[in-house]
Amino acid sequence: MFLPLQRMKILPFRNLFVGIVDTLNQIFFEGKYADREVEKTLKSNRSWGARDRAFIAETVYDLVRWKRLVEGAMSRPLSPDTLWEFVGTWFAMNLAEEQHLPQWEEFRQIYPKEILKRLHNSSSNPAVAQSFPDWLYALGEKELGQQWLQEVEALNQQAPTIIRVNTLKIDRKSLQKLLKERRIKTKILSKFPYALALEEKTNIFRTDEFQNGLFEVQDVGSQLIAPFLRVEPGMRVVDACAGAGGKTLHLAALMQNKGQIIAMDLYEWKLKELKKRARRNDVQNVQTKVIESKTIKRLDSTVDRLLIDAPCSGLGVLKRNPDTKWKLQPEFLDNIRAEQAKILNDYSRMLKKGGLMVYATCSILPSENQEQVEKFLANHPNFTLIQEKQYFPSQYGYDGFYMALMERVE
Ligand SMILES: C[S@@+](CC[C@H](N)C(=O)[O-])C[C@H]1O[C@@H](n2cnc3c(N)ncnc32)[C@H](O)[C@@H]1O
């Protein structure tokens, strides 16, 4: 059963609602990504202040997250024609007692009492109450049993903003002090050595500290992966699915810029972004490589450490990317599992005897994690498992990640 999330306040300004409706239209009906669309909308009107911006961003993310529940309360599916009703229904479900919907034409057909009744009836189905597609909810239950409900509840929360201090340039306390001088308050997360949590949402990308590479935005779970690989200065390291380099930059900092990191990906545009970030971070030991037919073979048995931050369903990071649950398809999951197995099989040959490899995903499904590693080890007796960790959002409060550390023994 759904309980109102928060007794929320409404900012009754029409242009904010137009921004919200337009952004949702792009996300749901033009196939755009939520984070990019929100950013674009916020940039489109410079006169919006911090409160307006937070209102737009939070409302859009909440509505992406709770789409199915709101549809239940509307008792019809979301379409380009029902976007205003969708937004109005959401506020009718959540407004604080003394608050009312603005008396605009678009909200004339919103009747809060009926909405609450329909909400009560529809949310007896847990997939509706937790706002998941049926197939995905059933899959999660099949793989995780009773734990799935706890994870789903955690994944439906808003994501905190966490930053990773770039230790090549500054230490965590000094960075915290600099940000404080800008009135950006942060909390030191003592269990996680490189992390600061923002106390309030703010656009930190505009600060000099970000522009000068003193930190990157990176969730706590993601910050645990590079240290798990046990790199040392001077080593030869391959980051095989480097993307835009979140973990490459962290590896470089742990290696104190000494040795060599080869950052690879299938897509050149991602590696270009990585290079830009490396310059900003003062990272000097990274070389990028778009993967071609012979790239992997040429590095056969030559690397000390290998990171496989594999492409995955992204189910562990739904807090941050709630649109994933509507975009994922069962066939995509089947393909991605096959890709993960192939990457593990093909890329592990780059490791030297005695070298270590981490296979990591931002998923919480055993079929993308433990089961992949078990299958790999069964077919590769020359590798052994040293350590394996699964971080569940419900247990530690941050994004869900899996990581397995393996050694090539022969
Ligand atoms: C989880 S993301 C990587 C995120 C990145 N490591 C970071 O920390 O920012 C997975 C990456 O794998 C890449 N990828 C997909 N298939 C691949 C393949 N067969 N070989 C190498 N990279 C691949 C994707 O382009 C994507 O950038």
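When a ligand or atom number is given, it counts from 1 through the structure's own listing order.
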Hey, are [X] and [Y] close enough for a salt bridge, meaning a charged N less than 4.0 Å from a carboxylate O?
| X | Y | answer |
| --- | --- | --- |
| K67 | E71 | yes |
| R182 | D208 | yes |
| E58 | K201 | no |
| D334 | R337 | yes |
| K270 | E273 | no |
| D62 | R65 | yes |

Under 4.0 Å from a heavy atom of [X]: give me the atoms of ligand 1 that qualify, with their elements.
| X | answer |
| --- | --- |
| E339 | 16 (N), 17 (C), 18 (C), 19 (N) |
| D265 | 11 (C), 12 (O), 13 (C), 24 (C), 25 (O), 26 (C), 27 (O) |
| P311 | 10 (C), 12 (O), 15 (C), 16 (N) |
| G246 | 7 (C), 8 (O), 9 (O) |
| I343 | 17 (C), 18 (C), 19 (N) |
| I291 | 20 (N), 21 (C) |
| G243 | 27 (O) |

Can you check whether [X] and [Y] have ring centres sitting under 6.0 Å from each other?
| X | Y | answer |
| --- | --- | --- |
| F210 | F205 | yes |
| F55 | F17 | yes |
| W48 | F13 | no |

**Request:** Please list, chain by chain and in numerical order, all residues satisfying salt bridge (Lys or Arg N to Asp or Glu O under 4.0 Å) with D323, sequence neighbours excluded.
**Result:** K327

**Item:** Minimum non-hydrogen distance to atom 1 (C) of ligand 1, winning option of T248, T295, D309
**Value:** D309

Is [X] close to ligand 1, meaning an N/O of one under 3.5 Å from an N/O of the other?
| X | result |
| --- | --- |
| C241 | yes |
| D239 | no |
| Y267 | no |
| Y347 | yes |

**Message:** Just so I know, are the side chains of H380 and M406 near enough to count as touching, which here means a heavy-atom distance under 4.5 Å?
**Reply:** no

**Asked** Heavy-atom contact under 4.0 Å between A310 and ligand 1?
**Response** yes

Check [X] against ligand 1 and report side chain, backbone, both or neither, counting heavy atoms closer than 4.0 Å.
| X | result |
| --- | --- |
| K270 | side chain |
| T361 | neither |
| A242 | backbone |
| A240 | backbone |

Show me the donor-acceptor pairs within less than 3.5 Å that the side chains of residues 303-318 make with the rest of the protein, sequence neighbours left out.
| from | atom 1 | to | atom 2 | distance (Å) |
| --- | --- | --- | --- | --- |
| D304 | OD1 | K352 | NZ | 2.8 |
| D304 | OD2 | R236 | N | 2.8 |
| R305 | NE | L229 | O | 3.1 |
| R305 | NE | R230 | O | 2.9 |
| R305 | NH2 | R230 | O | 3.3 |
| D309 | OD2 | K247 | NZ | 2.6 |
| S313 | OG | L315 | N | 3.2 |
| S313 | OG | S363 | OG | 3.4 |
| S313 | OG | E368 | OE2 | 2.6 |

**Asked** Which residue holds the protein heavy atom closest to atom 23 (C) of ligand 1, what is that atom called, and what is the gap in Å?
**Response** L266 CG, 3.9 Å

**Fill in**
Nearest non-hydrogen protein atom to atom 8 (O) of ligand 1, with distance, is K247 NZ, 2.8 Å

